[in-house]
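Structure first, then comments.
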Amino acid sequence: FKIYQHSLQAPVPEAGSFDVASANRGKLLFDGKASCSACHSGENFTDDKRHSPEQTGCDPGYAQRGSHIGSYRTTPLKGVGSHAPYFHDGAHASLEALVEHYDTVLSTGLSATEKMDLVQYLKSI
């Protein structure tokens, strides 16, 4: 399944669909303070691994909602701005809601401006 999934071309963000300066700041957050790149890494922004919440410290509620109860695969983020809602069950309608969720669950302490920058970065990938 991974081979097939990674053979698909992810949508390219449309020109003007995100703020470039904000997205550049968001990339720094993605790789730094927000720690997104700990799991969402590489060309497709995934480590392609199954995780349990205990292994990663990530989102235990997401793992419990998954089809493989107690574990989940890191979702590829390439083209993420073009396919709301998010999570397999559509739990978050927007990237803003998704970032807010992870800010809460992972206690990243992002400011409102940082959250906006992270959303812009997600729209850009």
Side-chain angles (χ1 to χ4, degrees):
F1 181 73
K2 284 191 286 186
I3 294 169
Y4 169 73
Q5 186 176 40
H6 291 306
S7 74
L8 302 173
Q9 294 296 313
V12 176
E14 293 184 31
S17 64
F18 62 92
D19 179 292
V20 174
S22 181
N24 288 336
R25 291 188 302 270
K27 180 175 180 2
L28 296 174
L29 293 163
F30 187 90
D31 292 335
K33 184 176 180 179
S35 301
C36 308
S37 64
C39 294
H40 296 282
S41 58
E43 182 180 333
N44 291 307
F45 297 90
T46 180
D47 60 10
D48 274 327
K49 295 179 183 174
R50 279 214 159 287
H51 298 280
S52 71
E54 297 79 29
Q55 290 172 312
T56 64
C58 284
D59 185 351
Y62 181 67
Q64 295 308 314
R65 291 192 317 260
S67 59
H68 294 79
I69 298 299
S71 71
Y72 56 95
R73 182 178 145 269
T74 304
T75 303
L77 294 183
K78 190 80 170 182
V80 69
S82 66
H83 60 77
Y86 301 99
F87 291 150
H88 70 282
D89 61 357
H92 298 289
S94 66
L95 287 172
E96 292 81 3
L98 184 71
V99 167
E100 188 64 44
H101 169 80
Y102 277 111
D103 181 57
T104 300
V105 169
L106 301 178
S107 302
T108 60
L110 298 176
S111 70
T113 300
E114 289 171 325
K115 290 174 192 175
M116 181 183 69
D117 290 343
L118 186 54
V119 165
Q120 293 303 305
Y121 176 64
L122 292 171
K123 288 180 177 182
S124 78
I125 57 176

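Listed by chain and number, the residues in a side-chain contact (heavy atoms from CB on, under 4.5 Å) with A97 are H92, S94 (sequence neighbours excluded). Partners of T46 under the side-chain hydrogen bond (donor to acceptor under 3.5 Å, both in side chains) rule, at least two apart in sequence or in another chain, do not exist in this structure. Looking at residues two or more places apart in sequence or on another chain, you find a side-chain contact (heavy atoms from CB on, under 4.5 Å) between K115 and V99, E100, D103, L110. S35 pairs by the side-chain contact (heavy atoms from CB on, under 4.5 Å) definition with nothing, not counting sequence neighbours. Listed by chain and number, the residues in a side-chain contact (heavy atoms from CB on, under 4.5 Å) with S37 are F30, D31 (sequence neighbours excluded).
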What pairs of donor and acceptor atoms, side-chain ones from residues 77-86 against any protein atom, are under 3.5 angstrom apart with sequence neighbours left out?
| residue | atom | partner | partner atom | Å |
| --- | --- | --- | --- | --- |
| S82 | OG | G79 | O | 2.8 |
| Y86 | OH | V80 | O | 2.8 |

Let me have the donor-acceptor pairs involving side chains of residues 118-125, under 3.5 Å, with sequence neighbours excluded, atom names and distances please.
| residue | atom | partner | partner atom | Å |
| --- | --- | --- | --- | --- |
| Q120 | OE1 | D19 | N | 2.7 |
| S124 | OG | Y121 | O | 2.6 |

Audit row: D48, T74, side chain to side chain contact (heavy atoms under 4.5 Å, CB included) steps and yes/no: CA-CA 6 Å; D48 274 327; T74 304; over 6 Å; no

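Taking SG of C36 as the reference point, atom CZ of F45 lies at 10.5 Å (rounded to 0.5 Å). Rounded to the nearest 0.5 angstrom, K33 NZ and D117 CG are separated by 11.0 Å.
Under a 3.5 Å cut-off, the side chain of H40 and the backbone N or O of D47 do not form any donor-acceptor pair.
In the hydrophobic clustering of this structure, L106 groups with L29; members are Ile, Leu, Val, Met, Phe, Trp, Tyr whose side-chain heavy atoms approach within less than 4.5 Å, directly or through other members.
Side-chain contacts under 4.5 Å among hydrophobic residues (ILVMFWY), followed directly or transitively, place V20 together with F18.
With contacts defined as side-chain heavy-atom distances shorter than 4.5 Å, the pair L98/F87 qualifies.
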